[in-house]
Amino acid sequence: MPPKVRVRFAPSPTGYLHIGGARTALFNWLFARHHHGTFILRIEDTDQQRSTDEALAAIIDGLKWLGIDWDEGPGVGGEYGPYNQMARLEIYQREAKRLLASEAVYKCFCTPEELEKMREKAREQKVAPRYDGRCRSLSPTEVAEREAKGDPFVLRFRVPSGTTTFEDMVRGPITFENVEIDDLIILRSDGTPTYNFSVSVDDETMKITHVIRGEDHISNTPKQILLLRAMGVEPPEYGHVSLIMGEDGARLSKRHGATAVGAYEDLGYLPEAMFNFLALLGWSPKDNREIMTWQEMVRDFDIQNVAGTAAIFNPKKLEWMNGMYIRALSDEELAERFAPFLIKAGLMTEGGIASHREWLIKLAHATKERLHLLTDIVPYSDFFFRDIESYPEKDVKKHWSKPAVVTHLTALADILKDCEPFEAQTIEARCHEYIEREGIKLGDLVHPARLALTGKTVGPGFYETVELLGRERCLSRLRKALVHTQGHKQ
RNA sequence: GUCCCCAUCGUCUAGUGGCCCAGGACUCCGGCCUUUCACGCCGGCAACAGGGGUUCGACUCCCCUUGGGGACGCCA
């Protein structure tokens with residue numbers, strides 16, 4: 001029986017959770033859940049300059065928002081911890097000492113300045129910038145002397161000759177000539193590990209079985225394989241998913257708009273829509289299904305079906321999908337979801353939300369099929385909360401210029417005055433009676449009336465709008481409109 | 001510069017040698033429904049990067065070219 005699947009998402013807490021990172025996390029999570037394995041969150045915080053607690057919190061919030069939970073890692077613990085690298089320093093140092101003893105690594109006394117000079121020169125000569133190996137064969141006495149002098153040194157990996165091949169789960173076999181690989185530093189002069197080393201040690205000590213990560217790590221893979229072999233262990237399986245690009249084909253970045261997952265939350269996206277959309281960026285169930293529950297995705301996910309092709313982030317489709325998910329919500333759920341946005345827009349208060357639950361559910365019902373984003377609730381409902389200041393000139397011209405408008409609005413006011421119960425259905429029935437009696441078209445009544453009641457020409461269904469507004473406000477807005485139309489004519 | 005990855009409609013993708021003069025979805029454009037806006041439904045535009053092979057037969061396999069992306073840090 002093969003060992004239980006263990007995968008990890010290993011962000012460095014140097015910024016927000018990026019769309020690309022979120023998808024990588026998602027694929028790992030899907031893979032783990034599909035195989036009934038373990039999903040681990042590991043924090044790669046060895047870059048002390050750039051790692052922050054805020055960034056860590058943002059990443060954790062982003063994952064939680066998306067519904068991605070982890071079985072081991074920050075907040076939940078686990079038997080292979082600690083799960084942040086700065087707390088694992090002794091482990092790396094112990095491992096480095098072992099590698100030093102086996103001569104797989106060596107001490108290098110080159111300074112950052114010297115190395116920069118080397119790279120500079122390489123750039124000028126247009127050759128691959130790389131370490132020239134000048135400390136590779138320092139004699140033990142030389143090493144001892146420089147150490148005695150107190151010269152700082154780093155530990156470098158003595159990359160063996162040959163070729164390194166691995167079977168990528170999404171791309172098939174990938175081969176590198178070892179001569180192309182630099183003698184990389186594994187331990188800095190301050191004793192902290194560098195990326196490739198800490199990753200290798202952690203993947204091994206945390207018993208990671210499959211590494212699913214971005215394409216930008218392909219060139220790191222042979223280094224990690226070689227390091228792992230030098231440590232005497234078998235590397236895990238690797239699968240590299242392509243990067244997510246912006247509309248112009250360049251790597252997705254700030255200038256393409258929001259790239260932080262948290263920004264999409266603020267924009268009114270539903271996490272389940274985001275989850276679904278991200279999963280489909282590179283993966284497909286092969287049978288034309290698109291809207292799927294996470295259970296279905298877990299059931300059908302297969303890393304081998306993930307495309308190696310770069311995917312361009314398509315905000316339009318995300319928006320469409322979000323609308324689909326909004327429509328699938330119950331009225332109660334939708335009301336709960338958009339309530340925070342009503343508060344944020346200053347239209348309602350916390351207390352108002354609590355005391356108008358039934359009303360909000362009706363609002364949800366009336367607006368549901370019109371929303372693409374939760375924030376869309378604002379333009380579709382702001383007139384319920386604010387008095388109408390003015391009527392757009394061109395709408396007035398279009399809907400209020402016929403003389404009969406005054407008659408119709410007056411009639412509507414009469415109808416609403418004693419319409420019982422004051423509900424969409426009865427209001428609709430009474431309005432129909434009226435238009436039939438008058439022999440007019442429904443639009444002759446509804447269009448001028450909508451403008452009077454909402455100050456707009458677009459909005460939720462007319463009768464529902466009337467009910468939601470309530471009798472008193474309808475009557476006063478009708479009066480105000482009547483004043484406006486008559487004043488206009490003089 | 002060197003190495004690595006990738007290449008089907010504008011975009012996300014299905015297609016693993018004949019089922020494909022290429023299917024679905026988003027976008028866009030028509031039409032229907034309709035009190036607006038939406039939703040929904042119906043229909044339309046739109047792709048195998050180019051060139052060589054292999055094969056009875058290539059979107060599918062191989063090579064080259066081109067194009068895009070990534071990597072080459074005491075960053076991760």
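Every chain is numbered from 1, with letters handed out A, B, ... down the list of sequences.
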Would you indicate which nucleotide in [options] comes nearest to any side-chain atom of [X]?
X      : options                : result
A:E290 : B:rC12, B:rG69, B:rC37 : B:rC12
A:K286 : B:rA14, B:rC5, B:rA76  : B:rA14
A:L115 : B:rU35, B:rC74, B:rC39 : B:rC74
A:I218 : B:rC37, B:rC5, B:rU36  : B:rC5
A:N196 : B:rA76, B:rA25, B:rG73 : B:rA76
A:K317 : B:rC74, B:rU8, B:rC26  : B:rC26
A:W320 : B:rU36, B:rU27, B:rG69 : B:rU27
A:N288 : B:rU35, B:rG23, B:rC74 : B:rG23
A:R251 : B:rG73, B:rU35, B:rG70 : B:rG70
A:S284 : B:rA14, B:rC26, B:rC3  : B:rA14

- Task: With A:R146 as the cation and A:F153 as the aromatic partner, state whether NZ or CZ is under 6.0 Å from the six-membered ring centre and within 45° of the axis.
- Result: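 No, A:R146 and A:F153 do not form such a contact.
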Please list, pair by pair, any protein nitrogen or oxygen found under 3.5 Å from a nitrogen or oxygen in nucleotides 58-65 of chain B.
none

For [N], which nucleotide in any strand shown is its Watson-Crick or wobble partner with both distances under 3.5 Å?
N      : value
B:rA71 : B:rU2
B:rA76 : none
B:rU54 : none
B:rG43 : B:rC29
B:rU66 : B:rA7
B:rA38 : none

Do A:S219 side-chain and B:rC72 base share a donor-acceptor contact under 3.5 Å?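 Side chain to base: no pair present.
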Inset, instruction - Answer with yes or no whether A:R370 presents, from its side chain, a donor or acceptor under 3.5 Å of a partner atom in the base of B:rC37. - result: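 Answer is yes: a donor-acceptor pair is held.
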Spacing of the [atom1] atoms in [M] and [N] (rounded, Å):
N      : M      : atom1 : answer
B:rA14 : B:rU60 : P     : 15 Å
B:rC26 : B:rA46 : C1'   : 13 Å
B:rA22 : B:rC48 : C1'   : 8 Å
B:rG67 : B:rA49 : C1'   : 8 Å
B:rC5  : B:rC63 : P     : 11 Å
B:rC39 : B:rU34 : C1'   : 11 Å
B:rG30 : B:rA38 : P     : 13 Å
B:rG44 : B:rU2  : C1'   : 49 Å

Between A:G459 and A:G282, just flag the one whose closest nucleotide in RNA chain B comes earlier from the 5' side.
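Final value for this comparison: A:G282.
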Would you kindly compare A:A250 and A:R171 by the position of their nearest RNA chain B nucleotide and give the one closer to the 5′ end?
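Whichever sits nearer the 5' end wins; that is A:R171.
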TODO: Going by the salt bridge (Lys or Arg N to Asp or Glu O under 4.0 Å) test, name the single residue among A:R23, A:R251, A:R171 that passes it with A:E215.
DONE: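 Per the salt bridge (Lys or Arg N to Asp or Glu O under 4.0 Å) rule, the option paired with A:E215 is A:R171, out of A:R23, A:R251, A:R171.
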Charged N to carboxylate O below 4.0 Å: is that the case for [X] and [Y]?
X      : Y      : result
A:D248 : A:R255 : yes
A:K456 : A:D382 : yes
A:K117 : A:E114 : no
A:D132 : A:R134 : yes
A:R337 : A:E272 : yes
A:R156 : A:D182 : no

For a quick check of understanding: with a heavy-atom distance under 4.0 Å over all strands, which category does A:F176 fall into, base, sugar-phosphate or nothing?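 Sugar-phosphate only.
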Rounded interatomic separation in angstrom, taking [atom1] from [X] and [atom2] from [N]:
X      : N      : atom1 : atom2 : value
A:I244 : B:rC6  : CD1   : P     : 18 Å
A:E319 : B:rC12 : CD    : P     : 18 Å
A:L453 : B:rU35 : CG    : P     : 17 Å
A:F166 : B:rC5  : CZ    : P     : 8 Å
A:L281 : B:rU11 : CG    : P     : 13 Å

* Using 30° and 60° as the class limits, which term best fits the ring planes of A:Y463 and A:H432: parallel, tilted or perpendicular? ->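 Tilted: the ring planes of A:Y463 and A:H432 meet at 30° to 60°.
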inquiry  = For the residue pair A:D202 / A:Y83, report whether a side-chain donor-acceptor contact shorter than 3.5 Å exists.
reply    =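 No pair is found: no donor N or O on one side chain lies under 3.5 Å from an acceptor on the other.
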- Message: Is a donor from one side chain sitting under 3.5 angstrom from an acceptor on the other, for A:N196 and A:Q224?
- Response: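 Their side chains do contain a donor-acceptor pair, which is all the 3.5 Å distance test asks for.
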Report task. May I ask you to list the residues of residues 43-53 of chain A, by number, that have any heavy atom positioned under 4.0 Å from an atom of RNA chain B? Result ->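 Going residue by residue through residues 43-53 of chain A, the ones with a heavy atom under 4.0 Å of RNA chain B turn out to be A:E44, A:T46, A:D47, A:R50.
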(Q) Taking 4.0 Å as the cut-off, does a side-chain nitrogen or oxygen of A:R130 come that near to OP1 or OP2 on B:rA71? (A)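 So the side chain of A:R130 is outside the cut-off, no N or O lying under 4.0 Å from OP1 or OP2 of B:rA71.
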